[in-house]
Structures are given as C-alpha cells and as structure tokens.
Engineer: 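Before I ask anything, let me first share the structure, which is written out below as structure tokens.
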Amino acid sequence: MSPKTIITGIGHFLPPKVVTNFDLEKKMNTSDEWIRQRSGIKERHYVEPGVGSSDLGYEAALRAIEDAKIDKSEIDFIIAATLSPDHYFPGIGVLVQAKLGLSGIGALDVRNQCTGFIYALSAADQYIRNQTYKKILLVAAEVQTSNLDYSDEGRDMAVLFGDGAAAVILEPNEKNDNRGILSTHLFSDGNYASDLWMEKPSPKDNPTFSKELLDTGRFFPKMDGRNVFKNASIKMPEVVQIALKHNNITIEDVDHLIPHQANDRISLMVAKILRIPVEKVIRNIDRIGNTTAASIPIALDESLKKGRIKEGDIVVLTAFGSGYTWGSAVIRF
Ligand code: UT7
C-alpha cells in the first residue's frame, strides 16, 4: 500500500491591521451587538491597499517551509486555493511560485471558495499517494475586504469577511505509521451557484466592464444568507458522517473538529447535530472572521502551534460554501 500523505509543515499569515465591529459601526448601519450575536465575530484582519492574496500566500508559504525544515527548492508542485486572486488571470499559484523563486514546477489553482482548502488537500493527497510529487506546497489565501459592499445593502456580508492566508507542506509518510490523511470527500451542487456569488464582471457581458456595471454595484459578492446558513448546517454534518463511516470510526473517536469558520452559530449547530462536545470544536472566528479558503488551515495552524492538537489525534475538517461546494477530510496527526 502506498504511504499516506502527511502535513510536515504549516504556517499562516494575517495582515497586521485589525478591524473591530466598532470600526465597522462607523462605516455602515450595524452594531457590535448584532455582529457578535449573529456571527460570533468581534474583529478581523484587513490588508492595506496594494497587498494581494499572492502576497499573503507567500508569507504563509515561507512559514510552512520553515516549519517543515526543508529547503524551498525541494518543493516539486504548488496548489493554490483562493476566490480572490490578485488578477482575473493568471491565478495566484504561479505568482506565489515566482515570489518563492521556484520557476519551472507546476502550479495548480483551485477555485472552490470556502471548500477550497479541502478540495486542494484532496488533490494533493492523490498526487502524493500516486507518487507523482513528493513535496507539495498548498497555499490558501484570501483578500476579500477590498470588494465588499460597505453600504447598508451589503452589510450582511461586509461584517463577516477578513483577509488571511495559510500554507501546508504535504509529503508521503515514509514511516508508514498510520499517520496522515485518512480520507477526503468532496461534493457540489451548482444549482445553487447564485445563492453566494460574485456575479460580475462577467465575460458574458460585452463589453465586460461598462459604466452601467459600475452604476449597478453588481460586482459585489451577494449571498442569500438564510439559505446558505441552512444548507451549511445540514451538509457539513452529513459529509462528516460519510467520512466517519468510510473510516469505520465514530464521533467519539474524533479528537478535534475544525469546521470552516463562516459563522459561529453554524459551527455550534454542526457540533450539536454531530453530538460532538463543543470543547472538541476549534473556533477562532471571533478574532479572524471568515477567511474563506484560508479559514480551516489558519485554525489548524493555531491549534497545532498551541499544542491543542497532539500527535496521534484524529482531526476532522469540514467546509461548506459558494458553489455550493462542501467536503470533509479526516487526518491522523
Ligand atoms: O463562507 C461561506 C458560507 N457563508 C455562510 O455560511 C454565511 C451564512 N449566513 C449567515 O451567516 C447569516 O445568514 C448572516 C450572518 C449573514 C445573517 O444572519 P441572519 O440571522 O440570517 O440574519 P438575516 O439575514 O435574517 O437578517 C436579520 C435582520 C435583517 O433585518 P430585518 O429584515 O429583520 O429588519 C437584516 O437586514 O438583520 C439585518 N442585518 C443587519 N443588521 C445589522 C443584516 N446584516 C446586518 C448587519 N448589521 N451587518
């Protein structure tokens, strides 16, 4: 049997600027009380103008490489997950690659929004187990705060999101000691694409960019919050159950659950449905907000560095988001 894929290094990077709910109160008709009660968020990080997701991803990559104790030249493939690339094209995989000075190796971009890290992890896992690559750098990075609608119309979304990045190094477990990625399960349903999307600019419009587009404000992300909330609360427990069954384990065997940090109420609902004690659920949304693809690996890195996740622990990751896409991963650390 081919060796399992293990995470040998992890790091994250948050831009230094912290924006509190009180700061947002000054920009739009909202309140600290509403944001905390409805989402659990107190503050989030914002980039300064001129900083893109490839910059945050690069910083996170440096930390993951250092943590893995490898030379960056050993990396033989890059996977980058983001919904907020620096440019319409190319994706940020090649930009992170160029910043690292790793010209020539392949760089794959994954566009699966909040589930981006789990989709990218699944792809990396296949490459490692097939022995196609030996050291994959997976970067998940988002700069979302520069294109949110800070008017009252967009306040439902504007208060939720933050910027940030995390990266992992993935390698085959040569010790073959049963540690590593045990499973990944991926799902989607494009019938609900418009429940959470950034509809425009779209090449379907000719010209794509017009004064009319600017006047309509349809270039801001839009969400049917209640529908997304409802489906997230159903689909994440469902895909965790599928993973538990696949691995022939029960929820009691799980040491930590890391749900995508979209809304603390969703995380608590997922925990309740799964009947997992809340102490086993990793939650950092109060300080970081929703960083889409980066949210799970940021929470994972914090928990590993704090010693909350220990060797041998079984960690279950789950996410739900735009697409709809959803998925889970089970990892023994
Ligand atoms: O990461 C991708 C996945 N994303 C998610 O999973 C997010 C899922 N959805 C949610 O987290 C929640 O639906 C929200 C946090 C976005 C909204 O919470 P809610 O409890 O579903 O509120 P609501 O949309 O039902 O709105 C309740 C009220 C409305 O006012 P009326 O119509 O009752 O007068 C909104 O206009 O709250 C109002 N509202 C706000 N008030 C103050 C919406 N946003 C705000 C705001 N501040 N920022």
Side-chain angles (χ1 to χ4, degrees), residues 19-44 53 81-84 111-119 140-145 147-164 166 187-190 192-198 220-239 258-271 273 281 283-286 288-299 317-328:
V19 173
T20 66
N21 294 345
F22 299 104
D23 295 325
L24 292 178
E25 278 182 2
K26 291 177 204 144
K27 280 184 136 179
M28 66 187 106
N29 183 15
T30 191
S31 67
D32 171 59
E33 195 191 357
W34 190 96
I35 302 170
R36 273 190 294 109
Q37 279 182 1
R38 301 289 178 129
S39 72
I41 300 167
K42 293 180 190 152
E43 58 190 38
R44 70 291 283 150
S53 48
T82 187
L83 64 59
S84 51
R111 295 288 308 268
N112 291 84
Q113 300 70 249
C114 302
T115 323
F117 180 74
I118 293 179
Y119 267 78
E142 303 286 2
V143 169
Q144 314 185 95
T145 59
N147 191 41
L148 294 172
D149 179 359
Y150 292 99
S151 76
D152 286 359
E153 207 188 316
R155 63 184 178 167
D156 57 333
M157 288 195 81
V159 299
L160 301 178
F161 291 91
D163 303 327
F187 298 92
S188 68
D189 188 346
Y192 297 92
S194 62
D195 269 13
L196 176 49
W197 69 346
M198 186 175 137
F220 288 123
K222 290 268 185 303
M223 174 169 70
D224 179 339
R226 286 184 197 180
N227 226 11
V228 174
F229 190 109
K230 191 179 79 190
N231 281 284
S233 307
I234 295 168
K235 292 298 181 192
M236 283 196 277
E238 202 175 278
V239 73
I258 309 186
H260 164 53
Q261 308 288 299
N263 183 324
D264 210 34
R265 284 160 55 215
I266 298 178
S267 298
L268 294 174
M269 183 75 82
V270 169
I273 295 170
V281 183
R283 299 148 64 205
N284 65 4
I285 196 168
D286 58 329
I288 293 174
N290 181 348
T291 55
T292 306
S295 96
I296 288 177
I298 291 173
L317 317 177
T318 185
F320 179 91
S322 162
Y324 292 152
T325 58
W326 63 101
S328 66

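As the structure lists them, so they are numbered: ligands from 1, and atoms in each ligand from 1.
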Engineer: Looking at every non-hydrogen atom in both residues, tell me the closest pair between L317 and F117 and how far apart they are.
Structural biologist: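 For L317 versus F117, the nearest heavy atoms are CD1-CE2, 3.9 Å.
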Engineer: What atoms in ligand 1 come closer than 4.0 Å to a heavy atom of A262?
Structural biologist: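 Per the distance check, 1 (O), 3 (C), 4 (N), 5 (C), 6 (O).
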Engineer: Just going by heavy-atom distances, which of R226, E25, R265 is nearest to atom 25 (O) of ligand 1?
Structural biologist: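 Going through R226, E25, R265 one by one, R226 has the nearest heavy atom to atom 25 (O) of ligand 1.
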Engineer: I need the atoms of ligand 1 closer than 4.0 Å to a non-hydrogen atom of R38, numbered in the order shown.
Structural biologist: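 So the atoms of ligand 1 that pass are 19 (P), 20 (O), 22 (O), 27 (C).
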Engineer: With no hydrogens and no angle check, is any side-chain donor or acceptor of S53 less than 3.5 Å from a backbone partner on S84?
Structural biologist: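 The answer is yes, because a donor-acceptor pair under 3.5 Å joins these two groups.
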Engineer: Keeping the roles fixed (side chain from R44, backbone from D163), state whether a donor-acceptor pair exists under 3.5 Å.
Structural biologist: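 No.
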Engineer: State, to 0.1 Å, how close V281 and A271 come at their nearest heavy-atom pair, and which atoms those are.
Structural biologist: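 Heavy-atom minimum between the residues: CG2-CB, 3.7 Å.
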Engineer: Can you name the closest pair of heavy atoms from A158 and D149 and give their distance?
Structural biologist: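 Closest approach of A158 to D149, heavy atoms only: CB-O, 3.6 Å.
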Engineer: Side chain or backbone of M157 under 4.0 Å from ligand 1, or both, or neither, by non-hydrogen atoms?
Structural biologist: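 Neither part.
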Engineer: What atoms of ligand 1 come within less than 4.0 Å of a heavy atom belonging to L196?
Structural biologist: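 Listed by number with element, the hits are 2 (C), 3 (C).
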Engineer: On the ring face of F320, is K235 found with NZ or CZ under 6.0 Å from the centre and within 45° of the axis?
Structural biologist: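 That pair does not qualify as a cation-pi contact.
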Engineer: Run the numbers for me: atoms of ligand 1, each under 4.0 Å from some heavy atom of V159, listed by number.
Structural biologist: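 Listed by number with element, the hits are 48 (N).
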Engineer: Within the distance-only criterion (no hydrogens, no angle test), does the side chain of Q261 pair as donor or acceptor with the backbone N or O of N284 below 3.5 angstrom?
Structural biologist: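 Pair found, side chain donor or acceptor close to backbone of N284.
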Engineer: Does S31 use its side chain to pair, donor to acceptor, with the backbone of W34 at less than 3.5 Å?
Structural biologist: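 The answer is yes, because a donor-acceptor pair under 3.5 Å joins these two groups.
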Engineer: Of all the non-hydrogen atoms in the protein, which one sits nearest to atom 11 (O) of ligand 1, and at what distance?
Structural biologist: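 Nearest protein contact, heavy atoms only, for atom 11 (O) of ligand 1 is N263 ND2, 2.7 Å.
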Engineer: Any atoms of ligand 1 less than 4.0 Å from a non-hydrogen atom of G225? List them with their elements.
Structural biologist: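 Under 4.0 Å from G225, ligand 1 has these atoms: 8 (C), 9 (N), 13 (O).
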Engineer: Is there a polar contact between ligand 1 and S322, counting only N or O atoms under 3.5 Å apart?
Structural biologist: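 No.
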Engineer: Within the structure, does at least one protein heavy atom fall under 4.0 Å of atom 33 (O) of ligand 1?
Structural biologist: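 Looking at atom 33 (O) of ligand 1, one finds that no protein heavy atom lies closer than 4.0 Å.
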Engineer: Minimum heavy-atom separation for T115 and G321, please, with both atom names.
Structural biologist: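 That would be OG1-N, 3.8 Å.
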Engineer: Just which atoms of ligand 1 are under 4.0 Å from any heavy atom in N290?
Structural biologist: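 Contacts of ligand 1 toward N290, numbered from 1: 1 (O), 2 (C).
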Engineer: Below 4.0 Å from any atom of ligand 1, is there a heavy atom belonging to M223?
Structural biologist: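 The answer is yes: ligand 1 sits under 4.0 Å from a heavy atom of M223.
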Engineer: Looking only at protein heavy atoms, identify the closest one to atom 39 (N) of ligand 1 and say how far it is in Å.
Structural biologist: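 Here the nearest protein heavy atom works out to W34 CZ2, 3.4 Å.
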Engineer: For atom 8 (C) of ligand 1, is the nearest protein heavy atom closer than 4.0 Å?
Structural biologist: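 When distances to the protein are checked, atom 8 (C) of ligand 1 has a heavy atom within 4.0 Å.
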Engineer: For K222, look at atom NZ and say whether over 12 heavy atoms of other residues, nucleotides or ligands are found less than 6.0 Å away.
Structural biologist: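 Correct, the count exceeds 12.
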Engineer: Does Y119 reach the side chain of S188, with side-chain heavy atoms less than 4.5 Å apart?
Structural biologist: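 Yes; the side chains approach each other to less than 4.5 Å.
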Engineer: Name the closest protein heavy atom to atom 46 (C) of ligand 1, giving the residue it belongs to and the distance to 0.1 Å.
Structural biologist: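 The closest heavy atom on the protein side is T30 OG1, 3.3 Å.
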Engineer: For atom 22 (O) of ligand 1, state whether the nearest protein heavy atom is under 4.0 Å away.
Structural biologist: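 At least one protein heavy atom is under 4.0 Å away.
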Engineer: Can you pull out the closest protein heavy atom to atom 29 (C) of ligand 1? Residue, atom name and distance to 0.1 Å, please.
Structural biologist: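 Residue, atom and distance for the closest contact: R155 NH2, 4.9 Å.
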Engineer: Does the protein place any heavy atom closer than 4.0 Å to atom 13 (O) of ligand 1?
Structural biologist: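 Protein heavy atom within 4.0 Å of atom 13 (O) of ligand 1: present.
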Engineer: Can you tell if the side chain of T292 reaches within under 4.5 Å of the side chain of N290, non-hydrogen atoms only?
Structural biologist: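 Yes - at least one pair of side-chain heavy atoms lies under 4.5 Å apart.
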Engineer: With distance as the sole test, does S39 use its side chain to make a donor-acceptor pair with the main-chain N or O of I35 at under 3.5 Å?
Structural biologist: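 Confirmed, S39 side chain pairs with I35 backbone.
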Engineer: Just to be sure I'm reading this right: ignoring hydrogens, which of V228, I266, N29 gets closest to atom 4 (N) of ligand 1? Compare them by their nearest heavy atoms.
Structural biologist: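 Among V228, I266, N29, the closest heavy atom to atom 4 (N) of ligand 1 comes from V228.
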Engineer: Using a 4.0 Å heavy-atom cut-off, which part of Q113 comes near ligand 1: side chain, backbone, both, or neither?
Structural biologist: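 Within the 4.0 Å criterion, Q113 makes no contact with ligand 1.
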Engineer: Please state whether C114 comes within less than 4.0 angstrom of ligand 1, counting heavy atoms only.
Structural biologist: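 Right, C114 reaches ligand 1.
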